[in-house]
Amino acid sequence: MKCLQKYNWVKLPRNALPTGKGLMGAWMRLASRAAFRKGVASYCGYENAVEPGMWAGGIVGLKSILGVRSRAKALEALDKLAQLGYLTYELDKETKKLTYQITEWVVQCSGKECSDGAVYTTDGYGFLCLPRNITERLVERHYKFEEADA
């Protein structure tokens, strides 16, 4: 019998992200909007340098990505994900600029377009690679799984 655990990553189409609540749902929405390549991305008229797996913008953009109306709920989701090691983030209190970096990120590409090509940060294009063991941290902490976590 073939081993079904051959691959460490699972490819999830960005245009078919699971709906529902849960930390993994928030992580997937954030990861789907992170930059695919190093470059410059523009958000709300501002240009920001980004690395693979990174997003830069403001709280309004974050609320839109997460589908929440409250600044507090958006920051609460970031705090939980950061505590579990899924991402790191910084919020500049003066400029209100928010950046987050997905900690488990895989980039497998080669050629010129990967070093200085376009940056995409859309949730409807390409694939999101999820580590197979991504939910183990939640299991270890006896987290109650919600719809998108499963």
Side-chain angles (χ1 to χ4, degrees), residues 7-138 140-141 143 146-150:
Y7 301 102
N8 292 329
W9 298 86
V10 176
K11 285 174 78 173
L12 180 67
R14 287 180 181 218
N15 63 355
L17 293 178
T19 57
K21 296 179 181 179
L23 282 178
M24 288 293 93
W27 182 87
M28 284 183 280
R29 286 188 287 280
L30 292 168
S32 75
R33 294 304 299 265
F36 178 69
R37 303 187 172 101
K38 180 178 179 176
V40 177
S42 69
Y43 305 97
C44 300
Y46 295 99
E47 289 194 350
N48 298 296
V50 290
E51 297 290 326
M54 180 185 172
W55 183 88
I59 295 291
V60 173
L62 177 68
K63 291 183 341 185
S64 174
I65 292 169
L66 292 173
V68 297
R69 295 182 182 175
S70 159
R71 171 189 170 101
K73 285 190 182 212
L75 291 174
E76 180 183 329
L78 281 183
D79 283 338
K80 284 181 184 175
L81 289 166
Q83 287 171 3
L84 290 164
Y86 290 117
L87 58 79
T88 59
Y89 78 96
E90 289 182 30
L91 176 60
D92 186 326
K93 303 240 186 220
E94 272 186 38
T95 64
K96 309 271 195 255
K97 179 180 174 184
L98 174 81
T99 59
Y100 66 79
Q101 176 76 42
I102 303 297
T103 56
E104 293 163 270
W105 193 259
V106 64
V107 177
Q108 295 178 347
C109 62
S110 61
K112 182 182 174 199
E113 62 276 355
C114 290
S115 59
D116 59 20
V119 174
Y120 74 75
T121 57
T122 180
D123 56 350
Y125 178 74
F127 291 92
L128 179 61
C129 291
L130 293 134
R132 275 199 187 274
N133 62 355
I134 195 162
T135 56
E136 284 181 10
R137 285 176 234 157
L138 299 177
E140 290 167 1
R141 293 205 167 125
Y143 173 79
E146 296 186 43
E147 305 144 83
D149 298 324

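All heavy atoms count here, side chains included; hydrogens, waters and symmetry mates do not. Starting from 1, each residue takes its place in the sequence as its number.
To the nearest 0.5 angstrom, L81 atom CG is 5.0 Å from L23 atom CG. Taken from CG in D79 to CG in L87, the straight-line distance is 9.5 Å, to the nearest 0.5 Å. If you take CG on L75 and OH on Y89, they are separated by 5.5 Å, rounding to the nearest 0.5 Å. To the nearest 0.5 angstrom, E90 atom CD is 9.5 Å from K97 atom NZ.
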Check your understanding: Could you go step by step and tell me if M54 and T99 meet the side chain to side chain contact (heavy atoms under 4.5 Å, CB included) rule?
Key -> CA-CA 7 Å; M54 180 185 172; T99 59; 4.0 Å; yes
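Under the 4.5 Å side-chain criterion, counting only non-hydrogen atoms from C-beta, R137 is not in contact with Y143. Using a 4.5 Å cut-off on side-chain heavy atoms (C-beta onward), V68 and L62 make no contact. Using a 4.5 Å heavy-atom threshold, the side chains of L78 and L91 count as separate. With a 4.5 Å cut-off on side-chain heavy atoms, W55 and I65 count as touching.
Scanning all heavy atoms of the two residues, the minimum distance from Y86 to L138 falls at OH-CG, 3.6 Å. A pairwise comparison of heavy atoms in K63 and R71 identifies CD-N, 3.6 Å as the closest pair. Summarising the geometry of G85 relative to T103, their closest heavy-atom pair is O-OG1, 2.6 Å, with the distance given to 0.1 Å. In plain terms, the two heavy atoms of G53 and A34 that are nearest each other are C-CB, 3.5 Å.
For E76, the side-chain contact (heavy atoms from CB on, under 4.5 Å) criterion is met by K80, not counting sequence neighbours.
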